[in-house]
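Read the structure below first, then the notes.
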Amino acid sequence: GGHAASPPQRHGHAAVSVSPEESWNEIVAILHRPHVDTAEFAAQKVSHARHEAASHLATVGKSDGWKRPVLVFLSFVIFIGAVFALVEFVGADAAVASAVSGPEAVTRTTRAGQRGTVTLDGGSMVSIGSETVLTTPKDEAAKFRAAKIVGAAAFTIASADRRFEVLVGDVRLRANAAKIDVRHFPEENAVLARVTEGSALVTTIKEKRTLKPGDAIAVAQDGTIRIAAAAEIADAFSWIDGKISCTAKPMRAVVPEVQRWFDYMIDVRDKGLLDRKLTFTADLTSVKDVIAALETGAGAKFGFDGKTPV
């Protein structure tokens with residue numbers, strides 16, 4: 001007895017029968033397949049990528065296309081606004097300058113040895129030094145709060161809605177409720193200014209600066225501003241306190257000051273004395289004190305040739 005043995009089991013893929021004719025046809029197809037140029041194929045890929053990128057940029061451009069005109073328009077509006085503001089500012093400055101320089105302006109003048117005080121329509125007060133010209137607009141209160149000075153002046157500016165403008169040389173000072181002293185005679189190279197109360201905006205052809213109480217400046221002809229020396233300011237504005245002050249100044253510079261503030265002409269016959277430096281302070285009420293100070297400083301004796309002091 002027993003069971004017949006089963007034949008062994010084989011695992012795997014079934015064999016595919018290919019005829020010789022089918023194999024030959026496959027070989028012929030491979031041999032006749034078109035040749036691929038790899039360089040051309042690479043160029044086509046680059047071109048395709050560029051086309052896709054251009055299409056993407058065009059899409060983005062279309063989506064943001066409204067922004068450029070808006071930005072251009074806003075820039076134009078800002079530019080026009082700035083131009084109009086500048087024109088208005090320059091026009092206002094020109095109008096003020098015309099108001100204090102035109103034929104209708106009111107002019108007040110002091111001679112050598114004279115000083116005075118003027119109250120303007122708006123309540124501001126101006127002390128005027130000797131040999132000084134003060135010019136104000138015809139209608140000070142209604143049009144402009146302004147004054148032009150050639151010489152020396154001390155302003156007590158009253159408070160108001162509009163700032164007061166002081167024009168001296170090529171310098172403008174704008175202030176409200178302030179005390180300002182200025183000086184510039186035709187023969188002088190610098191404009192001197194100081195603020196003792198309040199504040200003032202100083203504008204020159206070159207720069208701007210705000211002055212606070214105690215600040216004092218000298219403005220050169222080119223518009224450059226520098227801090228003025230203490231002695232320089234003391235000598236320039238001593239007349240406000242009723243005095244004449246000179247600090248280390250040569251006699252040739254002192255003689256014109258004596259003539260200006262005292263209307264007293266001194267003829268220095270010994271020209272060697274003109275370079276001697278003098279330092280003194282004297283009251284403007286006494287020319288004798290000034291002569292005594294000059295004699296002490298110069299080491300000389302003054303006399304008279306007829307009626308002329310020599």
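Computed from heavy atoms alone, side chains included, the values below leave out hydrogens, waters and symmetry copies.
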Please check if the number of heavy atoms outside [X] that lie under 6.0 Å from its [atom1] is greater than 12.
| X | atom1 | value |
| --- | --- | --- |
| D170 | CG | no |
| K271 | NZ | yes |
| R226 | CZ | yes |
| K249 | NZ | yes |

Tell me whether [X] shares a hydrophobic cluster with [Y], the cluster being built from Ile, Leu, Val, Met, Phe, Trp, Tyr side chains joined at under 4.5 Å.
| X | Y | answer |
| --- | --- | --- |
| L173 | V118 | yes |
| L274 | L278 | yes |
| L134 | V150 | no |

Give me the atom names and distance for the closest heavy-atom approach of [X] to [Y].
| X | Y | value |
| --- | --- | --- |
| V166 | F155 | CG1-CE1, 3.8 Å |
| A253 | E257 | O-CG, 3.6 Å |
| G169 | H184 | CA-ND1, 4.2 Å |
| L273 | A298 | CD2-O, 3.9 Å |
| F262 | L284 | CE2-O, 3.3 Å |
| D235 | T247 | OD2-N, 2.9 Å |

Exercise. Do the charged groups of D267 and R269 touch, with an N to O distance under 4.0 Å?
Worked result: yes

From [X] atom [atom1] to [Y] atom [atom2], the distance as rounded to the nearest 0.5 Å:
| X | Y | atom1 | atom2 | value |
| --- | --- | --- | --- | --- |
| I266 | L294 | CD1 | CG | 5.0 Å |
| S245 | F280 | OG | CZ | 8.0 Å |
| R172 | T203 | CZ | OG1 | 8.0 Å |
| I205 | T224 | CD1 | OG1 | 8.0 Å |
| E165 | L201 | CD | CG | 9.5 Å |
| I240 | R183 | CD1 | CZ | 10.5 Å |

Report yes or no: does [X] contribute a side-chain atom to a donor-acceptor pair with the main-chain N or O of [Y] at less than 3.5 Å?
| X | Y | value |
| --- | --- | --- |
| T296 | A292 | yes |
| N176 | D161 | no |
| S199 | K212 | no |
| D289 | D283 | no |
| T110 | E131 | yes |
| T132 | S130 | yes |
| T117 | S127 | no |

For this session: Could you check if a side-chain atom of V202 sits within less than 4.5 angstrom of a side-chain atom of V171, using non-hydrogen atoms only?
Result: yes

For this session: Report yes if some heavy atom in the side chain of R111 is under 4.5 Å from a heavy atom in the side chain of D263; otherwise report no.
Result: no

For this session: Any chance you could lay out the side chain to side chain contact (heavy atoms under 4.5 Å, CB included) test for V219 and K206, step after step, and finish with the verdict?
Result: CA-CA 10 Å; V219 182; K206 193 171 186 178; over 6 Å; no

